[in-house]
Trainee: 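Shown below is the structure under consideration.
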Amino acid sequence: MTASTETLDRVRSLSQEGYKYGFVTDIEAETAPPGLNEEIVRFISAKKEEPEWLLEWRLAAFRAWREMTQPDWAKLNLAPIDYQAATYYSAPKQNAGPKSLDEVDPELLRTYEKLGIPLREREALAGVAVDAVFDSISVATTFKEELSKLGIIFCSMGEAVREHPDLVRKYLGTVVPQNDNFFAALNSAVFSDGSFAYIPTGVRCPMELSTYFRINAAKTGQFERTLLIADKGSYVSYLEGCTAPQRDENQLHAAVVELIAHEDAQIKYSTVQNWYPGDAEGRGGIYNFVTKRGACRGARSKISWTQVETGSAITWKYPSCVLEGDHSVGEFYSVAITNNRQQADTGTKMIHIGKGTRSTILSKGISAGRGQNTYRGLVRVQPRAQNARNHTQCDSLLIGDRCGAHTVPYIEVRNPSARVEHEATTSKISEDQLFYCQQRGLNAEDAVSLIVNGFCKEVLKELPMEFAVEAQKLLAVSLEGSVG
Amino acid sequence: MSAVVDFPVKPEARPYLEAFGRDRRRGDPAWLRGYRRRSLARFAELGFPSRRSEAWRYIDLRQLEQRPMLPTARPTPVVTSALATQLAEIGLAEPSYRLVLVDGKFAPELSSLDQLPSTVRLGSIAAAIAERPDLVRSALEAQSPDRPFASLNAAFFAGGFVLDIAPGIALERPVEILHLAAGDAAGALYTRSLVVAGQDSRATVVESFAGSGDYWRNDVIELRLGAGSELTRVTFVAEGVDALHFGETLARLDEASRLSGFVLLAGGRTVRHDVTVRSEGAGSRCDLNGVFLLSGRQEANILTTVDHRAPGGETREVFKGVATGHAHGAFQGRITVRPGAQKVDAHQLSRNLVLSPRAAIDTKPELEIYADDVKCSHGAAIGDLDEAALFYLRARGISNNEARRMLIEAFAQEAVDLIEQAPLREHLRSRLTRRLATLEE
Amino acid sequence: MLEIHDLHARLTDGREILRGIDLSVNAGEVHAIMGPNGSGKSTLAAVLAGRDGYEVNQGTVTYLGRDLLAMPADERAREGLFLAFQYPVEIPGVNNMYFLRTAINAQRRHRGEPELDAGQFLRIVRAKLKLLDIGEDLLQRAVNVGFSGGEKKRNEVFQMAMLEPRLAILDETDSGLDIDALKMVARGVNQQRAPDRAIVMITHYQRLLEYVEPDRVHVLQGGRIVQSGDKSLAMELERRGYGPVEDAA
């Protein structure tokens, strides 16, 4: 799990794009003027040399967005966002960000050290403009070759639009329509780039696809768009994110992820989200408003979401499964930690449409400091979903008396043969547990970390092995300062 | 009319404003007239709740929106045989202090209050407005201004009751409030009531709602539990088949008091039972249990909000829902623990049976916790009857229908069995059995 | 090794439980502290281990020449003070082996010793399990979760054997055990007897002392040590109960 390949690819793509645009546009036009209107959407599409249909698609999204209002959530405390003040297109700049690690928040550097991240990767993560000196230029190419032998397509969304327009056109927006919600509409209108993967029929993807190994890892910015298609009988495991805190100058992130699983296909999507949460008072943290949804289109298909959410000032995301195929399966495993002033409102939607569909939800929320952690989930059984099954378990752990833990499940059943069960508990780390660990020689922070890891164990074991180890470390770091 | 329309008015509120303008309300004291006007203005501003508002997500108000149900100036009803039948249907067999409201109005000839001890005052709200205006006024003003139908109720209420139990008094017999609807004309019945349980007092209040015809009952009640008091409140809703019933309860619990609430929703076309409990004193306990049994095109919502504002509180909730035919039922329960309300122990359970392909049940148990030293949990389940149990009964020779009925009854009875007073429990059980007999027809 | 002088301690609600304890424990010794329920036995153990919820309002405790009361609970543990809990705590999701290895390595780091890798650790575990006749399955479960009363106590003794403390305090480790479990606990304690180690057993009954012979026996009553003697005192207590001792005090 290194970030160096990402850095490498980023630099490579920078030079490519620099070349591509360098001669035809003047410097001013590299960045769109602030604000959002149809002209800006056209500008973005033109910049990306997109086909007409995609421009129309973006415009439809923009028109829908214009009619929508930002959702208002009772439990999220959010400063108003001025959408007309933001800039929606900016070619990646080589000189953006701090010049060296000396200019980076020392707290952040301390965290990198604790997570054991190599020095060069720390620069990349902190957004330092890096020199293009690399030892393994062939890594990315090797992967690409190996994957293409199997017929697997894995590339940037931009490349997919150019190289595989039929696939993109066939699937884009079919799971998350342009007008799905305020942030999805915004993303659809202005999305910058993202990942695209297609796994052909019967192929088992031999490696974990990861944003780390992305062929074109240009900084995709705040409006990332991911589209993953698993054709009949295929299997893919996709890893997103990074355990190290990532900084970004854009405060608002509104990504969209669409997954499509055909008959007998399986998609496992794992996320570790650790965007900069801001300082102890929450200043400067990232707002992460993501729409993630998977469609189990075919019979016996399966989509499994696993997430470890420790970053961002505000997180708003509900990775969901639309279980259309008969006997399809949806899973959601989540750990969300809020410390200091962080707020997280996360959960899932399991929409049972096909017969014999099953879903499992396991959510572990940990609140510390002044953090507010909400699980919000919907389980809906449609009339046709004969014998649908769901089991939901939501546990909340409170550390300290100034934080909050909230559980808001919606259970809607339209079929008598369904069986839906939900259980939730809220408790604090007991003094007894802490003392027991301390009596065996663990200091208070290690004791909390041990207990929290135990609390999250059932979720962490769903993560791919190497990710799980890092995630454990991450939990400890995220809870620093939560015990006096 | 013109006096009140200097604020934004939602279109669906207009007919109510006009009705208010026509209504003279000569008997009201000045403070009440002012209060009614302010409440109406609030309603006009709020309008009907949208389905997008969380508390109204699971109920269909379109019919009410399309056809205003205005208060009707009804004559004092005569005691008809229909009313007598209603009384017999819902009345308790055991001795009680009985107060009957027909179309919201106190009907002394049907009531029996003569045995009531002098330490307990029970009468119509109209009498209380005249005799104890301060008490009524404080109850009215305790209501949240954000509830559109409670505001509408405040503007229009004409009937209701006030029960005031002196400190230290333990009432052995239940107080029985029978809300009947005579069914003379389509329209709305607005009742507003108050129960004051003095410090260390103990009482049981049974409220039953029945009626015939096409009416909308809008009932708002406040329960005030003094320190150390114990109040059992049972609500039995057996409204007429075309009736709408919206009941809102606000309970305020002082230190070490205990509220035991139970509701059985059996009749009415659209029924909403909304209980808010504010645990204001340390160490209070609140039990809220209930059942809805729905068939045909019935729709019912049970909403509970328990707000722990003080430490050491305890809450237990068990709600059972059964829906068949085209019926739709929903339970929304929220438990909030505020900062500093440590050592709260709360548990909530919502279990439901969906018995037919066109029936639907929604449940939304919700925890909102801002204190760490708490024990809070909830559970929810929706499913069908247990096939294995059904088969077991049938293998013993019991018919399918009978076996189903038995299992549904056992399921619903678990909540009824939580009623502590044996005669009352029996009364509710028999009402439950009676409702079940026609449930799956 | 341990010098307790005029120790007074009270609960946070103000109730005074310990009212002037004097006790001296030397390396190589085994002490038994006996007393009726409510005499302050478990409070003494808790105060020595550094549990929250108690306030020492008078007196001193010196451990290996240092002020024990000034150290936080985890530092005491890393300095070799072990408490076998009367009620071992359940920690869901945390594997027993993992827990123990984390604890051992925390202590080794503290002493400047290299940490044990998984292989080394496992070899020690196997050796100790054999000595104590404990099944390995106990270690694959989450810490104390779903353990029977006897299993929890065995786990405490096993942890003691693994951590090799300088001073072990056993808080009613014998209570609620059948005779086989009791023997196993006794075997574990006897194996721990060493010239550089002291053991303090807190117990209500004389039973355990039939299997572990103490050097000194103390009777704790009303928050004070009212009588001390050799093992014959324990026998006497068994015969007479605690009443006469109180009279003697």
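Throughout, a chain's letter reflects where its sequence line sits, starting with A, and its residues are numbered from 1. Remember, it's a predicted structure, so these values are computed and weren't measured experimentally.
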Trainee: For C:Gln120, enumerate each residue passing the side-chain contact (heavy atoms from CB on, under 4.5 Å) test, keeping only those at least two apart in sequence or located in another chain.
Mentor: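 If we apply the side-chain contact (heavy atoms from CB on, under 4.5 Å) test to C:Gln120, skipping adjacent residues, the hits are C:Leu116, C:Asp117, C:Arg123.
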Trainee: Using every non-hydrogen atom in the two residues, find where A:Leu434 and A:Ala447 come nearest and quote the distance to one decimal.
Mentor: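 Closest approach of A:Leu434 to A:Ala447: CD2-CB, 3.8 Å.
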Trainee: Residues two or more places apart in sequence or in another chain: which of them pass side-chain contact (heavy atoms from CB on, under 4.5 Å) with C:Asp196?
Mentor: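 Per chain and number, C:Asp196 pairs via side-chain contact (heavy atoms from CB on, under 4.5 Å) with C:Ala194.
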Trainee: With sequence neighbours left out, what residues match C:Arg193 under salt bridge (charged side-chain N to carboxylate O under 4.0 Å, His left out)?
Mentor: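 Partners of C:Arg193 under the salt bridge (charged side-chain N to carboxylate O under 4.0 Å, His left out) test: C:Asp215.
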Trainee: Go through the atoms of C:Leu100 and report whether side chain, backbone, both or neither lie under 4.5 Å from a heavy atom of chain A.
Mentor: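 Answer is neither: C:Leu100 stays 4.5 Å or more from chain A.
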Trainee: Using a distance-only test with no angle check, is there a side-chain donor-acceptor pair under 3.5 angstrom linking C:His31 and C:Glu29?
Mentor: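 Yes, side-chain donor-acceptor contact under 3.5 Å.
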Trainee: Please report the shortest heavy-atom distance between A:Phe435 and C:Ala73, naming the atom on each side.
Mentor: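 Distance-wise, the nearest heavy atoms are CE1-CB, 4.0 Å.
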Trainee: Please look at A:Cys437 and chain C and tell me whether the side chain, the backbone, both or neither of the residue comes under 4.5 angstrom of a heavy atom of that chain.
Mentor: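 Its backbone and side chain both get close to chain C.
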Trainee: At a 4.5 Å cut-off on heavy atoms, which part of C:Leu163 comes close to chain A: side chain, backbone, both, or neither?
Mentor: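 The side chain, not the backbone.
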Trainee: Which bit of C:Pro88 comes within less than 4.5 Å of chain A, counting heavy atoms only: side chain, backbone, both or neither?
Mentor: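 Both backbone and side chain of C:Pro88 come within 4.5 Å of chain A.
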Trainee: If you take all heavy atoms of C:Ile17 and C:Gly40, which pair is closest and at what distance?
Mentor: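 Heavy-atom minimum between the residues: CG2-CA, 3.8 Å.
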Trainee: Please report all inter-chain donor-acceptor pairs (under 3.5 Å) between chain C and chain A, with distances to 0.1 Å.
Mentor:
| residue | atom | partner | partner atom | Å |
| --- | --- | --- | --- | --- |
| C:Arg51 | NH2 | A:Asp432 | OD1 | 2.5 |
| C:Arg78 | NH1 | A:Gly441 | O | 2.7 |
| C:Leu81 | O | A:Gln439 | NE2 | 2.9 |
| C:Leu83 | N | A:Gln439 | OE1 | 2.9 |
| C:Leu83 | O | A:Arg440 | NH1 | 2.8 |
| C:Leu83 | O | A:Arg440 | NH2 | 3.4 |
| C:Glu90 | O | A:Gln433 | NE2 | 3.0 |
| C:Gln107 | NE2 | A:Arg440 | O | 2.9 |
| C:Asn144 | ND2 | A:Tyr436 | OH | 3.3 |
| C:Glu156 | OE1 | A:Arg440 | NH2 | 2.6 |
| C:Glu156 | OE2 | A:Tyr436 | OH | 2.3 |
| C:Glu156 | OE2 | A:Arg440 | NH2 | 3.3 |
| C:Gln159 | OE1 | A:Arg440 | NE | 2.4 |
| C:Gln159 | OE1 | A:Arg440 | NH2 | 3.4 |
| C:Gln159 | NE2 | A:Tyr436 | OH | 3.3 |

Trainee: If you round to the nearest 0.5 Å, how far is CG of A:Leu398 from CD1 of A:Ile366?
Mentor: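 Going from CD1 on A:Ile366 over to CG on A:Leu398, the span is 10.5 Å.
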